[in-house]
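Got a structure here, written out as structure tokens. Questions coming.
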Amino acid sequence: MSDLTISLPDGSSRTLPEGATGADLAADIGPGLAKAALIVTVDGEGRDLDRALDAGAAVSIVTADSDEGLHTLRHSTAHVLAQAVLDLWPGATHAIGPPIEHGFYYDFELPDGGVFSADDLEAIEARMREIIASDQAFERHEAGAAEALELFADHCYKREIIEKVTAGDADAEMAGEAGADGTVTYYRNGDGFVDLCTGPHVPSTGRLGHFALQKVAGAYWRGDEKQPMLQRIYGTAWGDKKALKAHLHRLAEAEKRDHRRLAAEMDLVSWPDALGPGLAVWHPKGALVRKLIEDYSRHRHETGGYDFVYSPHIAKSVLWETSGHLDFYADGMYPPMELDGATYYPKPMNCPFHVSIFQSGQRSYRDLPRRLFELGAVYRYELSGAVHGLLRSRGFTQDDSHIFCTPDQVPDELASLLEFTLSVLRAFGFDDFQAKLSTRPTEKSVGEDALWDLATDGLRSALESAGLDYVVDEGGGAFYGPKIDVDVTDAIGRPWQLSTIQLDFNLPERFELEYVGADGGRHRPVMIHRALMGSIERFFGVLLEHYAGAFPVWLAPEQVRVLPVADEHQAYAESVRDALVADGRRATVDPADEPLGKRVRAAKVAKVPHVLVVGDDDAANGTVGDNARGADGPERDLPLDDFLGRLAAAVESGALVAGPAGHPAEKLAEGRAS
RNA sequence: GCCCGGGUAGCUCAGUUGGUCAGAGCAGGCGCCUUGUAAGCGUCAGGUCGUCGGUUCGAAUCCGACCCCGGGCUCCA
């Protein structure tokens, strides 16, 4: 009997008896690894531990420490979920059950249109634990189409997959379920549970167990609303108890940060039923923060080479016919209004208006690039089920700009635009970015090849010179141009897509835009759509969650609350407040009609950055006691002037850039000069 | 829009099988307390139990429709 030699990720190689499996290899390396091993990869392909290795292959042992290991673990847990459901609901059928980020789901159809209730999860989870405790092996099998169809005779969704796959037209979605060579693989465990699956799986159900079922949801088969609605169960699964616990803790933290909860608690924004879904009103404190955000945005655009414009909220249908929105975006638009024999639509986008401004006169290449900026409110008819607080609403305000430039100017414009974008986002405390470059779709698209290449290369080099991590979504661009999307990662690691920089080769054509070039001839400009925050409302919601409501000093609606120890300190407290207000701060006094501890607590709960306590000593010496958010404890006997200076510095560094009149940083400068 | 789950005081929630079940805590008003760093005491007020209709001697509770909210699907800033 000959041996086989394989290579390991560290470059070493190992020789094992012929027919050795992944499990043999792990055991050969060490008992700890043997215990932790879930699957192996052989030349990059995942494979069950009990399958023989190939001589000469590059083999890697996969454990729950890696994404691939977790993926396998979750996938196997999804199988156990399906097994439990099929046990408990005779006649139920299972559709698909893939691993997803942090967990897995499985879609089912219950007999007679039955549905799961939240209570069912408990019973299902208990059955799953029994299956796991009985440590059933996952056995891999292969079958031809006919055999597989017989095996899954009672499972119409599995049959549909088998038919699709064995017919050889496997698409990406189906590729995860079966091979495309006329045979399919399936896994069997326990008494009779079988599932169509390419695997790999953990060796046996006993390797699972750190999971939790989370929720029930409806989901269309293949995500298509014309297909039947299936019952989906979501769960999460991890390699050990600690990781599961940590994940559940993160979810709880995220819930505490929910901007809808914070918006109500902090009296920032509300959604009165009478307004309709996705339509918010801004209360004074929320409006104040929003105004600071908008003021900062305006300031940056003023000094960044942009021209400010305004446009109406509605326009006649001809504008939307020319722009093409009525052709490809009608579903997202509010319905039309008929008046004076004309048809008007609320605007879902600002671009046609900005194009109209560009069109209003003859443009020379000397005028370009022309950057038109507007905090433009738009209305989109989002599906009622899609509306989600400020993060997805039906009326929102874009920090929108349309840049018109010559093709030659495109690369430089994109590079400076991306830098500008990142700089604005950094000012709000975001410093972890992930970008996506979306290139020309393979199907129909408009624009010359040279233009696409110029723009795509321009976007790529902008990303590279900005030193930004990015992924390429090949063919993911719109039909009218390539784009960059920028995600930020928030304080608890969640990504949010905020910025988008989008080339448009279509609208200039549709509106027949022209400029006069140096050669005296007429040329078509290139148009760039871009939004940095995306939507002000959404950006506000993301910021609120990022900071968990504890806005940095320059954005905090109430920056300082002054608490007199007793009534006799009221006058001094008011003088402290007046000094703060004169210095441009937002400060209030909370009089001594409640015990100090209670007032301190109220201020802390309200997330006021600085709570000042003033008593006899302070009134006598012109000092304050500063209980700052995040500090270990109060700092007593701080001279008022020192506090004013310290706060001013914090406001200035928070804003990063000197602001316009009305911006905290500007008042700071005035305050210091005087 | 579709599936599931919810709407009880400003907020968070109790209200077993339909019959003093319209309640609690916090918040709010008033009074007392005069406080040195995360909840002092007392007292008062508040709700057409999402809306409309139905079943019943009787409905927060059962049924139907609708509205709104939440989680998904889909979509997306």
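When reading the values below, keep in mind they use all heavy atoms of this one structure, side chains included, and skip hydrogens, waters and symmetry mates. The sequence lines fix the lettering, A, B, ..., with proteins before strands; numbering per chain opens at 1.
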N/O-N/O pairs, protein side and nucleotides 74-77 of chain B side, under 3.5 Å:
unit_1 : atom_1 : unit_2 : atom_2 : d
B:C75  : O2     : A:R392 : NH1    : 2.5
B:C75  : O2     : A:R392 : NH2    : 2.2
B:C75  : N3     : A:R392 : NH1    : 3.2
B:A77  : O3'    : A:Q497 : NE2    : 3.4
B:A77  : O2'    : A:R538 : NH1    : 3.4
B:A77  : N6     : A:E382 : OE2    : 2.8
B:A77  : N6     : A:S393 : O      : 2.7
B:A77  : N1     : A:S393 : N      : 3.1
B:A77  : N1     : A:S393 : O      : 3.3

Dump the pairs, protein N or O against N or O of nucleotides 29-34 of chain B, anything under 3.5 Å, distances to one decimal.
unit_1 : atom_1 : unit_2 : atom_2 : d
B:U34  : O2     : A:D567 : N      : 3.2
B:U34  : N3     : A:D567 : OD1    : 3.3
B:U34  : N3     : A:D567 : OD2    : 2.7
B:U34  : O4     : A:D567 : OD2    : 3.0

> Out of A:F540, A:F539, A:Y547, which residue meets the ring-ring contact (aromatic ring centres under 6.0 Å, His included) rule with A:F428?
Replying inline: A:F539
> Partners of A:Y157 by ring pair (Phe, Tyr, Trp, His ring centres under 6.0 Å), sequence neighbours excluded?
Replying inline: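 With sequence neighbours excluded, A:Y157 shows a ring pair (Phe, Tyr, Trp, His ring centres under 6.0 Å) to A:W221, given in chain and number order.
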> Counting only Watson-Crick or G-U wobble pairs whose two distances fall under 3.5 Å, which nucleotide matches B:G31?
Replying inline: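 Partner of B:G31: B:C41.
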> With A:P336, which residues qualify under side-chain contact (heavy atoms from CB on, under 4.5 Å), at least two apart?
Replying inline: A:T343, A:Y345
>> Strictly by salt bridge (charged side-chain N to carboxylate O under 4.0 Å, His left out), give each pair with a member in residues 623-633 of chain A just once, sequence neighbours left out.
In response: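 Every candidate salt bridge (charged side-chain N to carboxylate O under 4.0 Å, His left out) pair involving residues 623-633 of chain A fails, so no pair, neighbours aside, qualifies.
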>> Quick check: any donor-acceptor pair below 3.5 Å linking the side-chain of A:D616 to the base of B:G36?
In response: no
> Does any pair with a residue in residues 590-608 of chain A pass side chain to side chain donor-acceptor pair (under 3.5 Å), and if so which ones, sequence neighbours excluded?
Replying inline: A:K604-A:N627
Give me, pair by pair, the N or O atoms of the protein and of nucleotides 10-12 of chain B that are less than 3.5 Å apart, along with how far apart they are.
none

>> Could you tell me how far B:U12 sits from B:G31 if I compare only their C1' atoms? Round to whole Å.
In response: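 Looking at atom C1' only, B:G31 and B:U12 are 28 Å apart.
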>> Does A:G597 reach a base, just sugar-phosphate, or nothing at all? Heavy atoms under 4.0 Å.
In response: sugar-phosphate
>> Using the side-chain contact (heavy atoms from CB on, under 4.5 Å) criterion, which residues pair with A:A330? Sequence neighbours excluded.
In response: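 Applying side-chain contact (heavy atoms from CB on, under 4.5 Å) to A:A330 gives none.
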> Pick one for B:G46: is it syn, with its angle within 90° of 0, or anti?
Replying inline: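 Here B:G46 takes the syn form, which means its glycosidic angle is within 90° of 0.
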> Excluding sequence neighbours, so at least two apart, what forms side-chain hydrogen bond (donor to acceptor under 3.5 Å, both in side chains) with A:D258?
Replying inline: A:R260
> Is A:R426 paired with A:D431 through a side-chain N to carboxylate O contact shorter than 4.0 Å?
Replying inline: no
> Between atom CD in A:Q214 and atom P in B:G71, what is the gap in whole Å?
Replying inline: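 About 14 Å, once rounded to whole Å.
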Got a list of side-chain donor-acceptor pairs under 3.5 Å for residues 560-568 of chain A, not counting sequence neighbours?
unit_1 : atom_1 : unit_2 : atom_2 : d
A:R561 : NE     : A:E558 : OE2    : 2.8
A:R561 : NH2    : A:E558 : OE1    : 2.9

>> At 4.0 Å (heavy atoms only), tell me whether A:Y105 reaches a base, stays on the sugar-phosphate, or touches nothing.
In response: nothing
> Under 4.0 angstrom, heavy atoms only, what part of the nucleic acid is A:P564 near: base, sugar-phosphate, or nothing?
Replying inline: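 Here A:P564 touches no strand at all.
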Please list every donor-acceptor pair under 3.5 Å in which a side-chain atom of residues 279-289 of chain A meets a protein atom from a residue at least two apart or in another chain.
unit_1 : atom_1 : unit_2 : atom_2 : d
A:H283 : ND1    : A:D267 : OD1    : 2.7
A:H283 : NE2    : A:S270 : OG     : 2.7

> Got a sec, which pairs hit salt bridge (charged side-chain N to carboxylate O under 4.0 Å, His left out) with one end in residues 377-389 of chain A, sequence neighbours left out?
Replying inline: A:E382-A:R392
